[in-house]
There are 2 protein chains.
Amino acid sequence: MHEDFIKELGYLSLASRLKRISDSMIHSGRQMYKNLNVDIEPNWYLIFKLLEKHGNLSVTDIAEKLQFSHPSVITIINKMTLAGYLQSEPCPTDGRRQWITLTQKAKKMLPEYQKLWVAGTKGIENMLKDTNFLTLLDHLEQELSQQSFMERTLNEFNNGTK
Amino acid sequence: MHEDFIKELGYLSLASRLKRISDSMIHSGRQMYKNLNVDIEPNWYLIFKLLEKHGNLSVTDIAEKLQFSHPSVITIINKMTLAGYLQSEPCPTDGRRQWITLTQKAKKMLPEYQKLWVAGTKGIENMLKDTNFLTLLDHLEQELSQQSFMERTLNEFNNGTK
DNA sequence: TACATTTACGTAGTTAACTACATATTATGC
DNA sequence: GCATAATATGTAGTTAACTACGTAAATGTA
């Protein structure tokens with residue numbers, strides 16, 4: 001086994017490490033869909049489940065709820081529309097907005113996909129069930145939203161020179 | 001405050017959430033370097049610290065130690081070379097390999113940059129010091145290396161149909 | 001020793017997030 | 001009620017990881 005330098009760096013490389021883990025899981029998810037011949041992509045579940053919950057939403061609504069930029073949402077929605085899962089219609093009361101809704105194909109396929117997502121959730125749960133990992137993520141995200149990584153670093157940097 | 005749908009999904013959206021956190025920290029780091037007028041990029045610290053430790057390494061060595069693909073390493077190294085921090089020379093005993101080393105500029109600047117990285121580490125430590133977060137990351141990465149996210153999901157999926 | 005295999009590096013193209021800018025529509029305020 | 005500001009969507013270009021493929025050098029083997 002080779003040296004794992006990112007692990008060795010501890011807190012310093014936290015962001016790199018979180019990126020490594022998420023990249024690996026997303027990659028594995030993409031491969032799974034491909035192997036099963038399911039024509040969806042790793043992050044589409046977010047849109048599926050969001051529209052399942054809310055019925056219809058605008059691009060901006062979706063971006064806010066996912067904390068994505070709106071161009072990212074547009075890119076995902078365009079692909080899902082091309083794949084026949086979504087349709088858009090102009091909002092009747094506001095000409096700027098688009099109402100995004102699930103198509104019949106999406107509603108038909110959702111129960112099947114839902115089984116996969118439940119299985120994925122269980123797989124992760126098995127690894128982490130005796131831990132407080134999600135609570136720690138809540139904590140970390142809340143801390144970072146109160147004061148950014150840059151602000152924290154600069155504070156420590158300036159303390160060091162006092 | 002808006003609905004945080006990714007948080008709401010719990011384990012299902014773990015990968016999306018880790019990506020969100022790492023993206024945000026990396027973005028904040030880039031902004032910090034920009035504000036301080038420091039001409040380095042967020043992941044260059046990995047190369048700096050690796051070469052500081054090992055003296056010189058080949059592209060493949062670096063890729064293995066970081067668990068990056070070698071094209072990713074080449075991209076980073078090309079930029080750092082352009083910025084004057086790295087130089088390459090052919091390995092005298094193996095014509096296929098390049099020895100990557102720090103330049104004088106890099107050695108001169110490293111103590112200053114090191115202060116920033118120490119400050120960043122402290123900033124993260126302050127958020128997580130009373131937790132076992134790094135241990136949980138070790139655990140998660142080890143579990144995922146033993147059995148991929150896809151394998152775990154398919155196992156659970158097939159159990160569900162039995 | 002010559003040929004096949006492995007290894008190291010490099011290039012091209014993909015992915016999914018982002019910012020910055022453009023345009024159209026709605027809301028606000030004098 | 002018209003001009004300005006804010007909002008919603010869309011487009012273009014950036015970033016950093018990846019895979020796939022190509023080439024050159026070294027290694028192994030018949």
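The figures that follow rest on heavy atoms only: side chains count, while hydrogens, waters and symmetry mates do not. Residue numbers start from 1 in every chain, and the chains themselves are labelled A, B, ... in the order their sequence lines are given, proteins ahead of strands.
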Between atom [atom1] in [X] and atom [atom2] in [N], what is the gap in whole Å?
| X | N | atom1 | atom2 | result |
| --- | --- | --- | --- | --- |
| Ile21(B) | dA17(C) | CD1 | P | 15 Å |
| Met80(B) | dA16(D) | CE | C1' | 15 Å |
| Trp44(A) | dA16(C) | CH2 | P | 9 Å |
| Ile74(B) | dT19(D) | CD1 | P | 14 Å |
| Tyr45(A) | dA16(C) | OH | C1' | 13 Å |
| Phe68(A) | dT19(C) | CZ | P | 13 Å |
| Lys19(A) | dA17(C) | NZ | P | 10 Å |
| Leu57(B) | dC9(C) | CG | C1' | 15 Å |

Which comes earlier along DNA chain D counting from the 5' end, the contact point of Gly95(B) or that of Val73(B), where each point is its nearest nucleotide?
Val73(B)

With nearest nucleotides of DNA chain D determined for Trp99(A) and Lys34(A) from heavy-atom distances, which residue corresponds to the more 5′ nucleotide?
Trp99(A)

Is the phosphate of [N] approached by [X] (side-chain N or O, under 4.0 Å from OP1 or OP2)?
| X | N | value |
| --- | --- | --- |
| Lys79(A) | dT15(C) | no |
| Ser72(B) | dC18(D) | yes |
| Asn43(A) | dT15(C) | no |
| Asn78(B) | dG10(C) | no |

Do we see His70(A) stacking on the base of dT9(D), given a limit of 5.5 Å between centres and 30° between planes?
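Aromatic stack with dT9(D) present for His70(A).
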
Nearest listed nucleotide, side chain of [X], among [options]:
| X | options | answer |
| --- | --- | --- |
| Ser69(B) | dT19(D), dA16(C), dT19(C) | dT19(D) |
| Asp94(B) | dA16(C), dG10(C), dA26(D) | dA26(D) |
| Pro71(B) | dT11(D), dA16(C), dT11(C) | dT11(C) |
| Ile76(B) | dA17(D), dG10(D), dC18(D) | dA17(D) |
| Arg30(B) | dC18(C), dA17(D), dT15(D) | dT15(D) |
| Val59(B) | dG10(C), dA8(D), dT11(D) | dG10(C) |

Between Glu156(B) and Asn126(A), do the side chains contain a donor N or O and an acceptor N or O under 3.5 Å apart?
yes

Under-4.0 Å salt bridge between [X] and [Y]:
| X | Y | value |
| --- | --- | --- |
| Glu8(B) | Lys53(A) | yes |
| Glu141(B) | Lys7(A) | no |
| Lys79(A) | Glu41(A) | yes |

Would you classify [X] as touching base, sugar-phosphate or nothing, given that sugar-phosphate means primed atoms plus P, OP1 and OP2, and contacts are heavy atoms under 4.0 Å?
| X | value |
| --- | --- |
| Ile26(A) | nothing |
| Thr60(A) | sugar-phosphate |
| Thr75(A) | nothing |

Test for a donor-acceptor pair under 3.5 Å between the base of dT9(D) and the side chain of Arg96(A), counting only N and O atoms.
no

Would you mind telling me which residue lines up with the more 5' stretch of DNA chain C, His27(B) or Glu64(B), judged by nearest nucleotide?
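Result of the comparison: Glu64(B).
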
Examine Tyr45(B) together with Tyr113(B) and report whether their ring centres are nearer than 6.0 Å.
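Here the rings of Tyr113(B) and Tyr45(B) have centres that are no less than 6.0 Å from each other.
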
For Ser28(A) and Met150(B), indicate whether the former's side chain and the latter's backbone hold a donor-acceptor pair under 3.5 Å.
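Yes; judged by distance alone, with no hydrogens or angles, the pair exists.
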
